[in-house]
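Letters go in sequence order (proteins before strands), and every chain restarts at 1.
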Amino acid sequence: MKNSLKEHLIPDSFHPIERLKNYVHMGTVRNYQKRDTVVLPGEAINKVIYVLSGKLSVNFLNDDGKQKLMYKAGRYSIVDRLFPLENCFVHVVSDEKSKICFFSKEQLFTIFKQDDEIIYEFIVNYSSKCFHFMNEAKEMALYNPSIRVLRLLYELCLTEGKAVDGVYEINVRLSQRAISEITGVHFVTICRVFGWLRKENILHKTTDKIVIFDLQKLKDLINDDIRC
DNA sequence: CCATTAATATATA
DNA sequence: TATATATTAATGG
């Protein structure tokens, strides 16, 4: 619905499945505090995780200690941990106080039999995740770090930007650190990019919005660099 | 907490 | 080898 395009740019709560909340009694509900681990790296739980409230972070770890944020899952989002995968060091942590429901394969199949619309919802959910990660792989392969940031801002403006007094406003609460985690660009580089964009009067980011003064210039920057 | 800056090291074209 | 980006550390909001 309203997140149809944004959710492939910002990996937060892919296609929430609201109607699954009607079947919470069939699963197992647990509460977590901020920074609690929901799934340990490498742990096989063979469940689908359904977020009733709060927010989870899904991180992918390497043995050298490096990690990358995959996505965040807010209310009515699901984190699939149904199948045990070899060397799958995924760490699921609660970002805030959260209430989570776990469904086993058997429980899900029972739900699917009662409500086949939910099957469709699951397919859309997996599809939107797949689309996001395909897009991210493409961006990583084709563009330099700072260009990826510019492209994200440009796409955000096209999908979320609202024209106000000759400028575009994107109402989104994104810290530089969050943009760094999403794009895989170092936070110091993010800071330098925003500093430069502000100096050139192209755009300005505040805590809860991004104001784009010169969309054409932003577009030109992206295209200029492609030729090099 | 988050953002900024500088100094330095690495990586890449 | 020149330029871009990452790393680290120090500092301020």
N-O pairing of E139(A) and R151(A) below 4.0 Å: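 Yes.
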Whole angstrom is fine here: how far is it from [atom1] in [X] over to [atom2] in [N]?
| X | N | atom1 | atom2 | result |
| --- | --- | --- | --- | --- |
| K199(A) | dA3(B) | NZ | P | 21 Å |
| F194(A) | dC2(B) | CZ | P | 15 Å |
| Q176(A) | dC1(B) | CD | C1' | 14 Å |
| I190(A) | dA3(B) | CD1 | P | 10 Å |
| L142(A) | dT12(B) | CG | P | 16 Å |
| Y143(A) | dA13(B) | OH | P | 15 Å |

Donor-acceptor pair, side chain of Y50(A) and main chain of I17(A), under 3.5 angstrom: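 It does hold such a pair.
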N/O donor-acceptor pair under 3.5 Å between T183(A) side chain and V149(A) backbone: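 No.
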Stepwise side chain to side chain contact (heavy atoms under 4.5 Å, CB included) test for V185(A) and S180(A): CA-CA 5 Å; V185(A) 180; S180(A) 163; 5.6 Å; no
R177(A) charged N/C atom sitting above F187(A) aromatic ring, 6.0 Å / 45°: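 Judged by the rule (NZ or CZ under 6.0 Å from the ring centre, within 45° of its axis), R177(A) counts as positioned above F187(A).
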Flag side-chain contact, heavy atom, 4.5 Å: L153(A) against F194(A):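 Yes, side chains in contact.
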Distances for protein N or O near nucleotides 3-6 of chain C N or O, under 3.5 Å:
| from | atom 1 | to | atom 2 | distance (Å) |
| --- | --- | --- | --- | --- |
| dT5(C) | OP1 | S146(A) | N | 3.3 |
| dT5(C) | OP1 | S146(A) | OG | 2.7 |
| dT5(C) | OP2 | S146(A) | OG | 3.1 |
| dA6(C) | OP2 | H186(A) | N | 3.2 |
| dA6(C) | OP2 | T189(A) | OG1 | 2.8 |

Distance below 4.0 Å between R173(A) side-chain N/O and dC2(B) OP1 or OP2: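 Answer no for this pair, as no side-chain N or O of R173(A) is under 4.0 Å from OP1 or OP2.
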